[in-house]
Amino acid sequence: MEIIESLPPSFPDNTYVAMDLEMSGMEEELLHRPTTGKFACLSICANSDKIYLIYEPTQVSEVIKRLNNCIWVMHDAKFDITQLRRWADIPPRRKLWDTFLMEHILWGGYYDKFSLADLARRYLGIVLDKEPRKMFSDNYQGMNGELLQYAALDASITLQVQQEQKKYIKRNDMKIWHEIERPALFAVLAFQGFRIDVDAWKQLADYNEKQAQIIKDRLPMNPSSPKEIMQYFKKHGKNISKTNEDVLLKIANTNSDLGKIAHDILEYRKYSKRASTYGMKFIEIYLEKEDNYYVIHPDYNIIGAETGRMSSSRPNIQNIIAHDTAEYRKCFIAKPNHKLIIADYSAQEPRVAAHLSQDPKLLKIFREHRDIYCELAKVVYGKEITKKDPLRNKMKPIFLGLTYGLSSRHLAENMGIEPEEGKAIYKKVFDHFKVFAEYMENIKKRKDYVRTVSGRRIWLNPYSSRVERNALNSPIQGTSAEIIKLALSILHKKLPEGYPVVAVIHDEIVMDVPERLADLMSKKVTDSMKEAAEILCPSVPFDVDAKICDSWGEK
DNA sequence: GGAGACGGCGCC
DNA sequence: AAAGGGCGCCGTCTCC
């Protein structure tokens, strides 16, 4: 391996060129933000034996310029591009190969590890020593011989992995990359910060911390310890093997001393969850000042789940409390003189299921824009109900449950009915939606892989007890994920300058736009979401609800 | 003292 | 007969 400590030349057009950026002194919690750390080096490699290294960030823009017509190969390009944009203009580009995302497209569900070291071992039989990386984070003293080797090797390995991956990549995998994942990557890179009402959040954090402490003080054990809870209950004549909400709620409903304890533990759990997961840490670590207000920028993982769903972390914005209270989402607000647009698909997964199964009765319901849950009530109870009927909410878990293989027994438990009744409900639903039932029966037999509508493979583990449920659910969840990703990128292309998306939550897009543009932007996001669904699931119309609000917590 | 598993629970 | 699909984060606990 020859290391050349200088700028790379201009390679011929469409040369695969691996790049790997090393940063020093990055804060662990903020690896996804261009706000901490310093440029250490960039290694560039078009031939795995010859690596160019630069140490000066001032040279980044020249490198970018010289390599503009090459196909960039990066392992987790989201990180490198986020950081490199501190020193050079890098618009969305077609000529990009992300070995990390490509590996997910190829082997989602098959492997569960996707680091460069994992890929090096899988494809090249090389065991990478990740120890030297620590020298970039702790106490960085500038480049030395060992670090130089390490940085150069990463670029070389990335290129070699890409060359191996290429042998497995089929035409359709490239289509998924170029039409779904790569555009979604650049859309996510363009997300803007989500403003937070810091004072309101702090007040919630304070309050819940205090409440949790009050209850903890009067309990005879550490209520955060399932072990201690079980020991305590055993000592008082009640054997339990789990201490989750279902179990404790049953005890809490008995009129006894233990019932009071169980009730208190559940209360404690509620407050302490809010004080910890949604507490001060959320505020202290991730806040960024922007003009005279504060925003957060979560880290979106483009393929966060094996199904293709995105995930979010640092902080996870996709699990902010929504059902019990709106006060948390009310802390997410529009910027000064702006409005939030909250747009979500109505019954996205049932529509996807209709498209995948081509069940004529399901298709008819959606084509006539009827409400799937009201229709379900008709099928199950023979009752015509309106959207306001409380029965409608009871129907929701039925269809959702079906799509991930919920057993009739658990369905009955959730609905608070007898197991036989649960069974009867399933029978009625399957008898009515016959083609859907056949689709489910067929797909759950698969043991190798299933596909989404784009043709993405999701590998199954035939030895897992979940294999049937995964087979049922993955095409539906995975297709839904593709729809929202495509919607994000269609919207991105409509708004290349200043893409005002601030969050995406599986079937929902949140934008923060100047008030005067609110109606226009609301239409743009709605149209983009409908177009995306139309492209991937053309047999079903998708309805989108869009609201213009001041906070995320408004109904 | 740190890593990782686990129980638990927030969301879609 | 049968752990309800997918995540990330927290505190606890075990192990090294």
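Order of the sequence lines fixes the chain letters, A, B, ..., with proteins taken first and strands second; residue numbering starts at 1 for each chain. Just so you know, these numbers use all the heavy atoms, side chains as well, and skip hydrogens, waters and symmetry mates.
Of the candidates dG8(C), dC11(B), dG6(C), dG6(C) carries the atom nearest the R309(A) side chain, counting heavy atoms from C-beta on. In the set dC13(C), dC12(B), dG10(B), the nucleotide with an atom closest to the side chain of N316(A) is dG10(B). Proximity note for N473(A) (side chain, C-beta onward) versus dG5(C), dG8(C), dC12(B): the nearest is dG5(C). Among the nucleotides dC11(B), dG11(C), dG8(B), the one closest to any side-chain atom of S276(A) is dG11(C).
Among the protein residues, R269(A) comes within range of the sugar-phosphate backbone only, with heavy atoms under 4.0 Å from sugar or phosphate atoms but none that close to a base. Counting any heavy atom pair closer than 4.0 Å across all strands shown, S312(A) reaches sugar-phosphate atoms only and no base atom. No engagement by R409(A) is indicated, since no non-hydrogen atom pair under 4.0 Å with the nucleic acid exists. Heavy atoms of E306(A) sit under 4.0 angstrom from primed sugar atoms or phosphate atoms, though from no base atom.
A sub-4.0 Å separation between OP1 or OP2 of dG8(C) and a side-chain N or O of R314(A) is absent. Between N222(A) and dT12(C) there is a side-chain polar atom (N or O) within less than 4.0 angstrom of OP1 or OP2. In terms of phosphate contacts, H323(A) brings a side-chain nitrogen or oxygen within less than 4.0 Å of OP1 or OP2 of dC11(B). Taking only side-chain nitrogens and oxygens, N470(A) comes nearer than 4.0 Å to OP1 or OP2 of dG6(C). Between K227(A) and dT14(C) there is a side-chain polar atom (N or O) within less than 4.0 angstrom of OP1 or OP2. Listed pair S272(A) / dC10(C) fails the phosphate criterion, with no side-chain N or O lying under 4.0 Å from OP1 or OP2. Considering only side-chain N and O atoms, S465(A) lies nowhere under 4.0 angstrom from the phosphate OP1 or OP2 of dA3(C).
Lacking a ring centre under 5.5 Å from that of the base six-membered ring together with a plane angle below 30°, Y404(A) does not count as stacked on dG4(C).
At a threshold of 4.0 Å, the pair E482(A)-R456(A) counts as salt-bridged, since one of the basic side-chain nitrogens sits closer than that to a carboxylate oxygen.
Between K281(A) and D246(A), the residue anchored closer to the 5' end of DNA chain C is D246(A), taking for each the nucleotide with the nearest heavy atom.
There is a side-chain donor-acceptor pair under 3.5 Å between T307(A) and Q477(A).
Exactly one residue among K428(A), K434(A), K427(A) makes a salt bridge (charged side-chain N to carboxylate O under 4.0 Å, His left out) with D431(A). That residue is K427(A).
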